[in-house]
Amino acid sequence: MTTSAAPSTSKATPKPSPVYAKTELDVWTLMNQVAASVGAVNLGQGYMSFPPKEFIKHAAQEALNENTHNQYAPPRGRPGLLGQLATRFTGRFGRPIDANKEVSVHAGANEALLSVFTAFLEHGKDQEVILMEPAFDQYTPNVIMAGGKPVYVPLRVTSDKDPRENVISSDDWKLDLAEFEAAITEKTRIVVLNTPHNPVGKVFSREELTQIGAIAEKHNLLIVADEVYEHLTYGVEHVSIATLPGMWERTVTVGSAGKLFGVTGWRVGWAVGPEKFISATLSAHTRIVFTSNTPLQEGVASAFRQAPEHDFFEVQRSEYETRRNRLMQVFDDIGLPYVVPNGAYYLLVNAAKLKIPRDFEFPDFIVERGENFKLVYFFIKYFGVSGIPPTEFYSEPHKELANDYVRFAFCKTDEGLEEAAVCLQKIKKYLKETSD
Ligand code: GLN
């Protein structure tokens, strides 16, 4: 009889959890790899292909030169950044925001969301979180990690025009309130609301938010408002649900310096809400990452301080609007319809009219991810322009709602968009009628 401390003679080795042992790549890595393999113009992942403004880069460089900015930040965040965020949200929310109670800084908005889910969900109780589809691909795994169960309610296209033939508005994508309410059970704890919306570009109206808020109130749900694109709307007003009557008390709003200042690699985000929500979120954050990086928090604080003298947010918004209009014009010219985004930096193009040549071959790693991945793969390999398959933002039963669409990001250089325009001209030869 050997003791338990003796080395095992069996060949067994430790096994990771089946959830993470899967070798299936996330959509971003996969599509970046396919795009790189053919040198495609990358309109896939939503990162900026243009550099940050000089004052923003300098803000980070200067932060690193300050010795104390190279050590741990307090878990809640650096006081300078908390102060800037409190000022910003005091203005945006029309109520005084306490920097030391109602704000927390996170390692990107993703980690802010994970911290909120962790703070509000209990393991082993099957507590449910309503996600509106298309839902950013990180929500589902983050809800599950926090012990919750995602429940999906798809946005429905309400236009009487056929989106395979006609340009429609992101406003035409609506949450069916009856469907939303029917999905709520006694186990529902949270509804996630993303406005401006990735990938649809929908900016929820005040009226829609009021209706969603009323249902959340009736069922005592926490609203997690993912507003990382709050600064990018085109001709419509961004309304934070936290500003509607009675909603501050049930909302945590999440934001992102990566999106706001065009520095997605900095991984600085935040959460804003009532003290008791943020203190629980902060407790979770402290045990997930303890604290987020100090120098770039200081860089963001400094960028906030300098933004007004550069008219930064106004200039940035109009630059994005120009990029959006250019990409829409490219598809107008080709003859493929799309969903006009009222916010964010994505264009959903409906490619139902595209006829893929019969002899075109797809590798197994694409075929196994479904029809929509094949469509996007074809765009990359044949036209040299990459996008993202939006079925990745849907649960299995609803994936077919997105099969015809490709998401293109327009947070890209003018040169990149022009290069894409040239490559995409080839599409014209592959268009067919879409009679059913
Ligand atoms: N939010 C960005 C997008 O949707 C990047 C997402 C990511 O890389 N995880 O493209």
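For the numbers below, each heavy atom of this structure counts, side chains included, while hydrogens, waters and symmetry mates do not. In listed order, ligands and their atoms are each counted from 1. Positions are given from 1 along the sequence.
- With contacts defined as side-chain heavy-atom distances shorter than 4.5 Å, the pair Asn325/Tyr320 does not qualify.
- Between the side chains of Glu111 and Ser115, at least one donor N or O lies within less than 3.5 Å of an accepting N or O.
- Closest protein heavy atom to atom 3 (C) of ligand 1: Tyr346 OH, 3.1 Å.
- Atom numbering of ligand 1 starts at 1 in the shown order; those under 4.0 Å from a heavy atom of Tyr229 are 1 (N).
- Heavy-atom distances between Tyr47 and ligand 1 stay at or above 4.0 Å for every pair.
- Among protein heavy atoms, the minimum distance from atom 9 (N) of ligand 1 is reached at Trp28 NE1, 3.5 Å.
- With a heavy-atom cut-off of 4.0 Å, Asp137 does not touch ligand 1 at all.
- Residue-ligand proximity: Gln138 is placed with every non-hydrogen atom at 4.0 Å or more from ligand 1.
- Looking at ligand 1, you'll find an N or O of Gly46 within less than 3.5 Å of one of its N or O atoms.
- The aromatic ring centres of Phe373 and Phe362 sit 6.0 Å or more apart.
- A donor-acceptor contact closer than 3.5 angstrom is absent between the side chains of Asn32 and Thr29.
- Counting only N and O atoms by type, the side chains of Ser240 and Glu230 include no donor and acceptor under 3.5 Å apart.
- A side-chain donor from one of Ser386 and Asn42 sits under 3.5 Å from a side-chain acceptor of the other.
- Closest protein heavy atom to atom 8 (O) of ligand 1: Gln45 NE2, 2.6 Å.
- Between Phe313 and Phe261, the two ring planes are tilted [angle within 30° to 60°].
- Contacts between Met31 and ligand 1 below 4.0 angstrom, taking non-hydrogen atoms only, are absent altogether.
- Residue Glu392 does not touch ligand 1, judged by heavy-atom distances below 4.0 Å.
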